[in-house]
Amino acid sequence: MSAPARPSSAAAPPGGASRAPLTFDRGHTDDLMSFLAASPTPYHAVANAAARLEKAGFRQVAETDAWDGTYGGKYVLRGGAIVAWYVPEGAEPHTPFHIIGAHTDSPNLRVKPRPDSGAHGWRQVAVEIYGGPLLNSWLDRDLGLAGRLTLRDGSSVLVDVDRPLLRVPQLAIHLDRSVSSEGLKLDKQRHLQPVWGLGNEVLDGELIAFLEQEAGLTAGSVAGWDLMTYPVEPPAYLGRDRELVAGPRMDNLLSVHAGVAALVAAAASGAALTRIPVLAAFDHEENGSQSDTGADGPLLGTVLERSVLARGGSFEDRARAFAGTVCLSSDTGHAVHPNYAERHDPTHHPRVNGGPILKVNVNNRYATDGSGRAVFAAACEKANVPFQSFVSNNSMPCGTTIGPITAARHGIRTVDIGVAILSMHSVRELCGADDPFLLANALTAFLEG
């Protein structure tokens with residue numbers, strides 16, 4: 001993946017309403033769509049991120065090995081999470097970090113421990129609701145199935161059935177006339193179980209045996225699984241002038257993709273770096289981040305501390321490094337919806353293709369404060385990128401991100417940012433075609449210090 005190019009024209013002050021036209025590189029957005037299509041699960045997303053980092057000269061380090069203090073790019077993989085960093089030549093043990101934080105998971109339907117189900121001549125797969133998906137968006141979609149298969153020897157392999165395999169059929173309006181007057185009501189247990197074939201008998205082990213064949217494994221070799229459904233319809237440009245992009249898992253693989261591009265670009269700066277650039281992409285943000293691969297786990301702090309110690313640092317060096325560290329928590333946010341503008345704050349209406357958003361909430365649902373705003377404004381000004389501000393309507397509850405968790409757990413100054421989208425948590429979300437490019441440029445400027 002090539003590094004993001006800078007927009008070429010002069011910019012108005014960050015956050016300003018007046019701006020000269022910019023020349024954009026749609027190649028970045030093309031590559032984002034390829035990344036989304038190739039990453040149906042967190043496990044695939046981190047594998048694809050790692051492959052891009054390897055191509056740029058990064059190397060994987062095992063958590064069970066002793067780490068050395070050599071310079072260059074390194075990364076750690078753990079489940080559906082990746083932490084990657086680049087140590088420039090001349091970096092001291094107390095050199096601070098500049099971190100891009102993101103998450104790899106998205107709301108979806110995940111396979112239960114006993115997946116084989118069915119009734120009335122239909123073969124079905126038993127699923128559990130992960131996170132907070134817009135349930136109606138999963139109806140009547142052609143779904144694939146992907147994830148991680150764990151073998152009896154403890155190793156794991158990725159599997160991806162990238163073709164129409166399952167479908168959650170909606171009830172015909174003739175059998176539920178109330179849907180027109182009272183709206184669609186879905187029971188998570190009864191109404192979201194997809195069909196994948198016909199048969200009167202439930203055959204235990206049928207689904208896993210099928211996946212073993214798909215993955216080229218020996219029958220009976222799978223001991224555990226982490227599987228999830230996903231829409232097989234690929235991402236696509238949308239609109240008369242192709243100004244929009246529709247696709248799955250933008251929340252939050254859009255930020256993961258931009259973070260990888262920014263880290264690769266920052267690493268190419270080499271000795272010019274005054275901070276150690278880091279990408280931390282966590283799993284399980286959509287259900288609270290409390291896992292060994294989530295932002296509320298020890299992964300990031302352990303990696304950063306081991307990096308300090310591997311370069312000969314002490315506890316004092318670690319404290320100094322953390323005190324000067326800044327994290328940009330990059331996650332998608334809400335663009336103003338043309339049909340529901342009253343749900344937004346009346347003076348804050350982020351627009352797609354208006355540049356990344358700075359997310360603010362005084363009750364710390366986001367971690368941004370005034371000093372954090374200055375950091376992000378400086379990065380956007382350096383990158384010649386406009387930005388917008390987002391704040392929730394006081395009458396509406398505000399979501400949250402890994403930002404406050406990162407700030408509280410590690411004592412790291414954190415700023416919440418992202419790209420404004422529509423249809424968040426839908427099976428298919430919508431963003432501006434230029435915003436991913438703008439975000440990647442702002443993140444690159446931040447990592448480069």
Side-chain angles (χ1 to χ4, degrees), residues 7 11-22 24 29 32 102 106-107 132-134 136-137 183 235-255 258 286 328-363 365-368 372-373 376-377 380 385-401 403 415-443:
S18 175
R19 234 183 205 313
L22 299 177
F24 295 99
T29 304
L32 167 64
S106 301
L134 285 172
N136 63 293
S137 70
Y237 286 105
L238 185 145
R240 182 193 64 185
D241 298 318
R242 292 163 53 92
E243 298 170 295
L244 303 169
V245 173
R249 300 178 295 280
M250 291 182 183
D251 179 12
N252 187 33
L253 294 187
L254 189 158
S255 293
E286 297 293 355
L328 292 189
S329 165
S330 182
D331 203 345
T332 55
H334 303 294
V336 61
H337 197 301
N339 300 335
Y340 300 91
E342 73 281 358
R343 302 294 182 98
H344 300 264
D345 182 84
T347 60
H348 294 78
H349 281 178
R351 298 190 176 193
V352 298
N353 288 335
I357 55 174
L358 180 75
K359 300 158 77 170
V360 178
N361 180 265
V362 295
N363 293 303
R365 301 292 286 173
Y366 303 131
T368 306
R373 185 187 192 282
F376 187 58
C380 288
V385 165
F387 75 88
Q388 311 172 80
S389 294
F390 171 83
V391 65
S392 290
N393 186 308
N394 284 326
S395 299
M396 305 290 293
C398 179
T400 190
T401 67
V415 189
D416 271 296
I417 65 162
V419 163
I421 68 171
L422 292 183
S423 306
M424 186 184 293
H425 286 199
S426 171
V427 77
R428 198 165 175 84
E429 296 162 323
L430 186 70
C431 78
D434 295 327
D435 281 333
F437 171 77
L438 292 173
L439 175 65
N441 278 277
L443 295 181

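Predicted model only: the values in this text are computed from it and were never measured.
Annotation: side chain of Pro248 is in contact with side chain of Pro235 (closest heavy-atom distance under 4.5 Å). You'll find the side chain of Asp331 reaches within 4.5 Å of the side chain of Lys359, heavy atoms only. In this structure, the side chains of Pro338 and Leu422 come closer than 4.5 Å at one or more pairs of heavy atoms. Side-chain contact between Met250 and Val245 is present, with at least one heavy-atom pair separated by less than 4.5 Å. Residues Tyr366 and Ser329 have side chains not in contact (no heavy-atom distance under 4.5 Å, counting atoms from C-beta outward). In this structure the side chain of Asp416 never reaches within 4.5 angstrom of the side chain of Phe390, judged on heavy atoms. Using a 4.5 Å cut-off on side-chain heavy atoms (C-beta onward), Leu439 and Ser330 make contact. With contacts defined as side-chain heavy-atom distances shorter than 4.5 Å, the pair Pro356/Leu438 qualifies.
Residues satisfying the salt bridge (Lys or Arg N to Asp or Glu O under 4.0 Å) test with Arg365, not counting sequence neighbours, are none. Contacts of Ser395 classified as side-chain hydrogen bond (donor to acceptor under 3.5 Å, both in side chains), with partners at least two apart in sequence or in another chain: none. Residues meeting the side-chain hydrogen bond (donor to acceptor under 3.5 Å, both in side chains) test with His337, sequence neighbours left out: none. By the side-chain hydrogen bond (donor to acceptor under 3.5 Å, both in side chains) test, His425 is found to be paired with Asp251, Glu286, residues two or more places apart in sequence or in another chain being considered. Considering only residues two or more places apart in sequence or on other chains, Ser137 meets the side chain to side chain contact (heavy atoms under 4.5 Å, CB included) condition with Leu134, Ser426, Val427. The side chain to side chain contact (heavy atoms under 4.5 Å, CB included) check on Ser106 picks up Arg249, with sequence neighbours excluded.
Between Val352 and the options Leu430, Asp435, Val419, a side chain to side chain contact (heavy atoms under 4.5 Å, CB included) holds for only Asp435.
The SG atom of Cys431 lies 5.5 Å from the CG atom of Leu254; values are rounded to the nearest 0.5 Å. How far OG of Ser389 is from CG of Asp345: 10.5 Å, rounded to the nearest 0.5 Å.
Formation of a donor-acceptor pair under 3.5 Å by the Asn353 side chain with backbone atoms of Asp434 is found in this model. Side chain of Asn393 to backbone of His344: a donor-acceptor contact under 3.5 angstrom is found.
Of all the heavy atoms in Ala442 and Phe376, the pair that sits closest is CB-CE1, 4.4 Å. Annotation for Tyr237 and Ala433: closest pair CE2-CB, 3.9 Å, computed over non-hydrogen atoms. For the pair Val336 and Arg351, the tightest heavy-atom approach, listed with the atom from each and the gap, is CG1-CG, 4.4 Å. Gly432 and Pro436 get closest at one heavy-atom pair: O-CD, 3.1 Å.
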Test side chain to side chain contact (heavy atoms under 4.5 Å, CB included) applied to Thr400 and Asn361, step by step: CA-CA 9 Å; Thr400 190; Asn361 180 265; over 6 Å; no

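Within 6.0 Å of CG on Asp241 lie more than 12 heavy atoms contributed by other residues, nucleotides or ligands.
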